[in-house]
Amino acid sequence: GSQKTFLRRVWRRLHDKSNEDDNQTHDETDIQPSATIVTVGSDSPDRHQATTRTHSAHLSEATSLAKAAKALNDGTSSVLLAIDQDKNWGLTDLDCLVRKNIELFCASDHDVATENRTRVSEDHKIFTGQVGLRCIHCSASPDHVTHCTYPDRLNDIFPNIVRSFKKRHLLVCPCLPQDLKEKFISMKETSPTSYGSIVREYFCDAAKALGVRDNESGGIVATGVSEAIIEGG
């Protein structure tokens with residue numbers, strides 16, 4: 001609505017001016033890497049570095065968000081969380097970089113069996129097809145346990161990423177290339193962090209653009225249908 005548009009415009013102006021002036025608890029599980037990693041847009045070098053250095057997954061660049069949403073829904077491809085709108089919308093360089101190192105995937109039968117061994121409560125067990133977030137680096141390596149998390153709802157994607165990936169995992173990931181680690185360290189010292197309800201809302205909108213929705217009984221799922229991101233003007 002008009003109030004949402006107004007708030008986005010205010011947030012952008014405040015964010016741009018500041019730039020000018022200067023979990024769900026994570027899980028470490030045995031996850032099978034996807035045969036294909038789909039990216040949207042050409043600015044995704046970090047995923048390319050990870051796959052070419054650590055395993056031979058096929059890279060496929062989707063020409064649209066709609067095609068990426070369909071690729072995720074077919075269950076054989078993971079999809080990079082980062083999309084071109086991240087920077088255009090106004091996320092900080094640090095948050096854009098973090099998103100480039102996380103992928104969405106649909107849990108396979110193998111993933112479910114492995115993950116649910118550590119989950120005592122039936123209410124917290126995952127199901128086949130549930131969408132999770134995982135590190136693109138250790139998931140690409142057959143020699144390391146994959147760091148992943150399964151948000152209970154779309155609104156949990158942002159805090160999951162901040163707590164589980166940005167603050168805890170990425171800098172200690174054994175598969176993270178040294179040059180990228182140094183880039184992260186440098187950005188954490190110089191780049192601000194995106195916070196606030198508007199940023200959280202964007203993370204939800206960006207996931208919807210990749211075809212992800214809340215599941216009525218819990219968790220998030222792929223639908224294969226991309227929902228357009230409504231720009232604030």
Side-chain angles (χ1 to χ4, degrees), residues 31-52 54-91 93 95-108 111 126-140 146-151 153-158 160-161 164-165 170 194 199-215 219-232:
I31 287 186
Q32 293 179 318
S34 300
T36 302
I37 302 94
V38 175
T39 65
V40 184
S42 59
D43 187 22
S44 302
D46 302 315
R47 192 11 155 165
H48 183 269
Q49 290 174 4
T51 51
T52 54
T54 55
H55 97 91
S56 56
H58 173 63
L59 284 167
S60 174
E61 183 177 329
T63 56
S64 68
L65 289 167
K67 289 184 177 180
K70 290 180 181 179
L72 178 64
N73 188 51
D74 70 19
T76 61
S77 302
S78 59
V79 174
L80 202 69
L81 189 64
I83 59 177
D84 286 341
Q85 286 88 336
D86 290 356
K87 190 61 180 177
N88 297 336
W89 191 87
L91 295 187
D93 290 340
D95 286 316
C96 287
L97 181 62
V98 170
R99 286 172 62 86
K100 288 180 185 178
N101 289 272
I102 300 172
E103 61 190 3
L104 295 162
F105 71 101
C106 293
S108 65
D111 300 333
I126 68 167
F127 54 87
T128 300
Q130 184 169 345
V131 172
L133 304 168
R134 68 186 177 198
C135 170
I136 65 172
H137 301 286
C138 48
S139 71
T146 297
H147 180 90
C148 69
T149 183
Y150 293 90
R153 53 183 180 160
L154 286 173
N155 207 37
D156 291 333
I157 291 178
F158 177 64
N160 269 216
I161 289 174
S164 186
F165 290 91
L170 285 173
S194 306
V199 175
R200 183 190 292 258
E201 184 179 358
Y202 171 75
F203 273 63
C204 292
D205 290 346
K208 291 178 182 177
L210 291 169
V212 181
R213 303 287 189 278
D214 283 326
N215 185 48
I220 58 177
V221 293
T223 64
V225 179
S226 175
E227 182 175 312
I229 298 176
I230 301 175
E231 296 290 343

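Predicted, not measured: the structure shown is a model, and the values here were computed from it. The figures that follow rest on heavy atoms only: side chains count, while hydrogens, waters and symmetry mates do not.
In this structure, Phe105 has its ring center closer than 6.0 angstrom to the ring center of Tyr150.
By the 4.5 Å heavy-atom criterion applied to side chains, Cys135 and Leu170 are counted as neighbours. Between Asn101 and His137, the closest side-chain pair of non-hydrogen atoms falls below 4.5 Å. Looking at Leu65 and Gln85, their side chains come closer than 4.5 Å, going by heavy atoms from C-beta outward. Using a 4.5 Å heavy-atom threshold, the side chains of Glu103 and Ser139 count as touching. Side-chain contact check for Cys204 versus Ile157: every heavy-atom pair is 4.5 Å or farther apart.
The side chain to side chain contact (heavy atoms under 4.5 Å, CB included) test with Leu80 singles out one residue from Leu210, Leu104, Ile136, and that residue is Ile136. Among Leu72, Asn73, Thr223, Val221, the one residue that satisfies the side chain to side chain contact (heavy atoms under 4.5 Å, CB included) test with Val212 is Leu72.
With rounding to the nearest 0.5 angstrom, the CG atom of Leu81 is 7.0 Å from the CG atom of Asp86. Distance check: Phe165 CZ to Cys148 SG gives 7.0 Å after rounding to the nearest 0.5 Å. To the nearest 0.5 Å, atom CG of residue Asn160 and atom OG1 of residue Thr149 are 4.0 Å apart.
Side-chain N or O atoms of Arg213 include one that pairs as donor or acceptor with a backbone N or O of Lys208 at under 3.5 Å. At distances below 3.5 Å, at least one donor-acceptor pair connects side-chain atoms of Asp111 with backbone N or O atoms of Ser108. In this structure, Arg153 contributes its side chain and Gly219 its backbone to no donor-acceptor pair below 3.5 Å.
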Start with the C-alpha gap between Asn215 and Ile220, add the side-chain angles, then the distance that decides, and say whether side-chain contact (heavy atoms from CB on, under 4.5 Å) holds. CA-CA 5 Å; Asn215 185 48; Ile220 58 177; over 6 Å; no

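In this view, Asp214 satisfies the side chain to side chain donor-acceptor pair (under 3.5 Å) rule with no residue, not counting sequence neighbours. Remark: Ala69 pairs with Ser226 by the side-chain contact (heavy atoms from CB on, under 4.5 Å) rule, at least two apart or across chains.
For the residue pair His147 and Ser164, a side-chain donor N or O sits within less than 3.5 Å of a side-chain acceptor on the partner.
The cationic atom of Arg99 (NZ for Lys, CZ for Arg) lies less than 6.0 Å from the six-membered ring centre of Phe203 and within 45° of the ring axis.
Of all the heavy atoms in Ala207 and Leu154, the pair that sits closest is CB-CD2, 3.8 Å. When every heavy atom of Pro151 is checked against every heavy atom of Gly132, the shortest pair comes out as CD-CA, 4.4 Å.
Between Asp93 and Lys87 there is a salt bridge, with a side-chain nitrogen of the basic residue lying less than 4.0 Å from a carboxylate oxygen of the acidic one.
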